[in-house]
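Nothing here was measured: the structure is a model prediction, and the numbers come from that model.
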6 protein chains.
Amino acid sequence: VHARGVALAPGVDLQTVAARTPGMVGADLANVVNEAALLAARRGAEAVEARDLEEAIDRIALGLAKKSRVMTPAEKERVAYHEAGHAVVALSVPHADPVHRVSIVPRGVAALGHTLRLPTHERFLLTRSELEDELAVMLAGRAAEQLGYQGVVSTGAADDLERASELARQMVTRFGMTERLGQLTYGLPLAARFLPLTAEERNYSDDTARAIDEEALRIVEDACQRAHEILTSRRRELEKVAAELAKRESLTRDELDRLLGGATEPRQLEALLPSHVA
Amino acid sequence: VHARGVALAPGVDLQTVAARTPGMVGADLANVVNEAALLAARRGAEAVEARDLEEAIDRIALGLAKKSRVMTPAEKERVAYHEAGHAVVALSVPHADPVHRVSIVPRGVAALGHTLRLPTHERFLLTRSELEDELAVMLAGRAAEQLGYQGVVSTGAADDLERASELARQMVTRFGMTERLGQLTYGLPLAARFLPLTAEERNYSDDTARAIDEEALRIVEDACQRAHEILTSRRRELEKVAAELAKRESLTRDELDRLLGGATEPRQLEALLPSHVA
Amino acid sequence: VHARGVALAPGVDLQTVAARTPGMVGADLANVVNEAALLAARRGAEAVEARDLEEAIDRIALGLAKKSRVMTPAEKERVAYHEAGHAVVALSVPHADPVHRVSIVPRGVAALGHTLRLPTHERFLLTRSELEDELAVMLAGRAAEQLGYQGVVSTGAADDLERASELARQMVTRFGMTERLGQLTYGLPLAARFLPLTAEERNYSDDTARAIDEEALRIVEDACQRAHEILTSRRRELEKVAAELAKRESLTRDELDRLLGGATEPRQLEALLPSHVA
Amino acid sequence: VHARGVALAPGVDLQTVAARTPGMVGADLANVVNEAALLAARRGAEAVEARDLEEAIDRIALGLAKKSRVMTPAEKERVAYHEAGHAVVALSVPHADPVHRVSIVPRGVAALGHTLRLPTHERFLLTRSELEDELAVMLAGRAAEQLGYQGVVSTGAADDLERASELARQMVTRFGMTERLGQLTYGLPLAARFLPLTAEERNYSDDTARAIDEEALRIVEDACQRAHEILTSRRRELEKVAAELAKRESLTRDELDRLLGGATEPRQLEALLPSHVA
Amino acid sequence: VHARGVALAPGVDLQTVAARTPGMVGADLANVVNEAALLAARRGAEAVEARDLEEAIDRIALGLAKKSRVMTPAEKERVAYHEAGHAVVALSVPHADPVHRVSIVPRGVAALGHTLRLPTHERFLLTRSELEDELAVMLAGRAAEQLGYQGVVSTGAADDLERASELARQMVTRFGMTERLGQLTYGLPLAARFLPLTAEERNYSDDTARAIDEEALRIVEDACQRAHEILTSRRRELEKVAAELAKRESLTRDELDRLLGGATEPRQLEALLPSHVA
Amino acid sequence: VHARGVALAPGVDLQTVAARTPGMVGADLANVVNEAALLAARRGAEAVEARDLEEAIDRIALGLAKKSRVMTPAEKERVAYHEAGHAVVALSVPHADPVHRVSIVPRGVAALGHTLRLPTHERFLLTRSELEDELAVMLAGRAAEQLGYQGVVSTGAADDLERASELARQMVTRFGMTERLGQLTYGLPLAARFLPLTAEERNYSDDTARAIDEEALRIVEDACQRAHEILTSRRRELEKVAAELAKRESLTRDELDRLLGGATEPRQLEALLPSHVA
């Protein structure tokens, strides 16, 4: 059932593949076939042959071997630092959602840890100040890594950077929040992208594209800088949270409060992006 | 029924998902499955697996928790300001449609409030003056926020900016209303975009694209400036309408008239855009 | 029958919608469903829900209210001016088709009026002089509005501008009628655009695109200027035709002749574009 | 049977249309429906309604009225001049195919006349000299019009320009026949364009695109200049062939020979482009 | 059976077409219908009509008449020169595959002659030196024509240029073989082009595209220059092989050896490109 | 069964092809048909004819003849050098995965040899230092060839260059690892590329594209330089491993250790890229 849509050369038998790969579950087999199809495509072949499957099994088996999903102590420490950065900045800026839980238990495939913030109600609109706070929280993981590892950053912030960049670009092109690009919007409306009408061309010039790049970069760098400054001034709290997190793997809001010597003061509880921003 | 078109890995059972999410309605389940498909796609997987669904349930549940759809007092005040801006400018410019109702009751997913204007008859054509009035009304919500919140604007104007930008670009590229771009039209005719013929390339140069950007930006900024000036000169009326709106949530034309001390004078009732402009 | 191709969320019932919208005909219902689908897409939803339909009904009903399709006196006057411009220039240039009827009765959705010119036979080719006359006639509606309304133009000329621009671009890129771009053609052949072969890239440089823009703009502006000059010199005839048209709504060739004091002299009857130009 | 693929609004009845258009044949009806679909699309409507059909009938009927397909004397004279240009240059350059027939009887929709040249055998390759002769013949129609009409050219050369331009671009980008672009090829191989693989981007820079434009333009202009010079020096023969053609509408090779006072000397009979050039 | 997928207007009968074209085989009929569809598309028509078929028959018949597929003596001489160039350079550079057969018998539609080189074993990798030899052999046909015909080149080298250009571009963008572009690769991986994922944009700048153009051009021109120098220094052998080839149409390796006065020395037998290069 | 999707001209019989190609297996036949379809497409034909098949058989047979898949001694030596480069650099940088096996036995179609490195556990994130080590290992094959062959590099490093380039571009555009491009991300998110939504335009300017090119090039060139320096300083080990590999074709980690005079010291075992990087 995993080879639908993939042409197999005559004589190639998926049963044999299954028999030779006893340790694999269904999804692994699917990966084998996909990998083999990729190899066949690279060869310029029209169909998957036995040798493609053999090489694919090698590759997937190798991959499975390393899927133990246990972080090394060094990794745990870095992830703890990263998440502590999110938590401490979220506790420091005026408009971020209250922190609900910080954790370094890997969840899903991309997330190594997470800082859950639980808004008390739906936000209908977000001001520029609130968006800047949100950006600072998003980029605080990277800022913490910069601080704790002498600037040697990691891939762990890739998702944060992507979300922050998307938001910064929207501030420039959708929300009219920069002096330079003004209140004009740029690019296809979001709604239009989902309608199967026709592919319209990019509706702005290359100079405008450069201005958008520069403004979005400035917004992201400013937020990163701000997160860095907050964490520098609250370095001891950052270290404390990171250390505790590395030890206990997960901290609730109450535990965070106790750890930081008293309830972190209540602030406006409102920062998640409304659906049309996400 | 919500997982059509999404491949599920063997062993993944939607019944179980439904059983574990008693508080969710059909559409929420669909969102869970979509979210899971997105997560699976991010992993590079071909099919949705149990862990994708689990993480997706977490995310959606979090989202539902905040869907109370009650605005905070601060939000209500800002939306009231925003809508009051639309209403006061609509009452001030010579060619806008008469205001029928102003409201800050959220409607649909994007609209936080609305200012309904009811034209008395279909408009067959619109002059440049009428379009400029329309733009000023469209951008008055943002101008009111700038005025009332010391320039700290919000995402609440995103739809207004998009509509105003689309109209400004049409004034430049379709209606021949600028000196610089002249009476030539630019880009595919609107009608052609809906015909499944072939994707033609953008039919103008990058220099022309820059000129279009600059002219459309100027038109939008001028309209925003004009709305700002009107609201500055009628600041007291703006405050009055905003305050009343925050209190009563909805105002009819009659209530607006009573509030502003007399019937707002009748003007030409004609401003909605004809269908080929929308 | 109007919701084909649009996914409806469970529990959403089109019968109920029809029941609630007694004043709507079939096409209006289709518009409701389309509008709702658009709203759902904006929400990021997979299916149309009840609230989308409700908001859509509001919007469409509002639209219908203004579809009285009766022009205001001000509009009628402007359209009469616009069409009189087409007619007077068509009667003045040497190569335009003879005018058959001028009318300000709206026809279809876009046309507010029309100036029917009836060629006596198919034209097989058009000279540069004939094309220039055709362009002057096309742009005469706008020129008349400029003249009669102190330069405050309207959206009423949008279709004229689009057709004139398309023709001007063809003169530059297909017919080799400019010194600067020479006898080379630019862009995909028209025929190729209708064949489902493959999407070829734009086959000329950005500098060439700019030259095409500049030459096409010059051609259109020259034609507009020429129409303007003709109408300035025949201002009294323009006013007479416009006034009579506003009063009687439609004028035949004979009525035009009587109005202008004698048969407008016969000229070569040949100006409609051949099919490969349209 | 002509409305397949076009959605009709409820209540719209094609039988009625057919009944109202007795003079139309099947293809005309198809055109009516297509025209109506276009009008509906312009309105933004999902289906064709009665008013669309009515307006479409008006338009098509107007079109049919002029489809008498008889050229005016002025047109005949110009087409005769145009074709005589092709014939005389074909008889003058060393490598063109022998002329078989010259005619000004319209054939098909685009061709107003034709100059048939019958190669005696398939050409396997073409030298740069032969291509230059071919280009001169292709552009001789336009050159003849320039000569005979004081530079006032017409749309009649559009197909010639397109074919000449395509060939000139191939000389630059496929055949390595310019110093400046050298022996490198540019753009997707012709064969690849017909394979449903994937859309590759344009594989050269904008500077290179400009160089291609300039070189192709130079080649076409040189060929046009050459045709012009040949026709200037053989002006009397051009006039003679054009006059005879206007009178008799079609001339065979023998008639051409008699007209020009003796057999036009036999030359290498080889000029049609091989299939991979077309 | 040849008109599948092409809409025929009512009253158009393919049987009649078949009856009128007794000399045509099935494939010719298919060509007639395709040609007619193209003509109809050019007219903007929805369906093929009788007049389209008539004109198409004319065109195809004309084409068939010249498909005698016999080269003229002049063509034979040029093709012989061209192939002799390939053979002599292949025998001169250190790393080319051994020549197996040289022929001027047309094969397929594009190849006028061919120089078969038979590698003794699969090549797993190719060095920069070997690629440069391969390029010199590829471009030797054109270099021979330049030499033998005073620089008047022909379309006969089009396929050679295309293959050489593709290889030169790969040396720049895939194999990291230039100083200027370094070891970075540019553009989509070859494998990705065959996967129906999504159309990614060109991933490099216009400046980079220009550098690629310039480097690829330099590589191709250098190879052409090298082939030219080799052939200049071995002019007598070139003439001898070309003359013999024109006479006998095909030469085996043994015949080549005898002709050139002794066995051409054995060299490394390895030059065909590996599959991932083709 | 191999000609599905390819139109065959009437009279063309695949059975005959099969009969004439006794030495071919099913996949070879498929290649013949595909090759023939390509040839037909080049001819502009709609269907595959006998002559296409004949020429295709010639080509494929030629290809099969050389598929002996035995490397020459010169090739073996170069591949051994290349793989020894990977192994020695992997043993030298602090963060690379431990080498498990080095081999010059061709595997699959592209890989001439391989250096298997077996991570002991899944890596959840990678630091900039670790990525730089990974890049140095990836590029060590090319560096070894430069060292051992006086700078005459080969196509053997094509896959290495592609993977290193993809990683370097991600460091610039996804991981925010350069000063110049900052923490902003560029281009569509990876996840979005797999969703069949809509083709969004490249979301950055040409200047930004150039900066990305320059930074990615710098990263790759630095890594290549670093690999070169490591191999220069460990030249004797490189030679030893290459020689042994050429002799024995495959070396395990233990054999490598013995060869290099003692266990290569244990280092952090962690270098394979996480799935979201591949």
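- One distance of note links CZ of F:F175 with CD of A:E162; it measures 10.5 Å at 0.5 Å rounding.
- At distances below 3.5 Å, at least one donor-acceptor pair connects side-chain atoms of A:T155 with backbone N or O atoms of F:L126.
- Residue A:A164 does not touch chain F at all, counting heavy-atom pairs closer than 4.5 Å.
- Put simply, OG on F:S205 and OH on A:Y204 are 9.5 Å apart, with the number rounded to the nearest 0.5 Å.
- The CG atom of F:L184 sits 7.0 Å away from atom CG of A:D213, with the distance rounded to the nearest 0.5 Å.
- Counting heavy atoms from C-beta on, the side chains of A:V79 and F:L125 come closer than 4.5 Å.
- The CG atom of F:D206 lies 5.5 Å from the CG atom of A:D206; values are rounded to the nearest 0.5 Å.
- Listed by chain and number, the residues in a side-chain hydrogen bond (donor to acceptor under 3.5 Å, both in side chains) with F:Q183 are A:R142 (sequence neighbours excluded).
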Chi angles and distances behind the side chain to side chain donor-acceptor pair (under 3.5 Å) call for A:S165, F:T185: CA-CA 6 Å; A:S165 297; F:T185 62; 3.2 Å; yes
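- For A:E214, the side-chain contact (heavy atoms from CB on, under 4.5 Å) partners are A:R180, A:R210, not counting sequence neighbours.
- Using a 4.5 Å cut-off between heavy atoms, A:L217 touches chain F through backbone and side chain atoms alike.
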For A:V153 and F:M177, run side chain to side chain contact (heavy atoms under 4.5 Å, CB included): C-alpha distance rounded to whole Å, both residues' side-chain angles, the deciding distance at 0.1 Å, then the answer. CA-CA 7 Å; A:V153 295; F:M177 287 182 173; 3.9 Å; yes
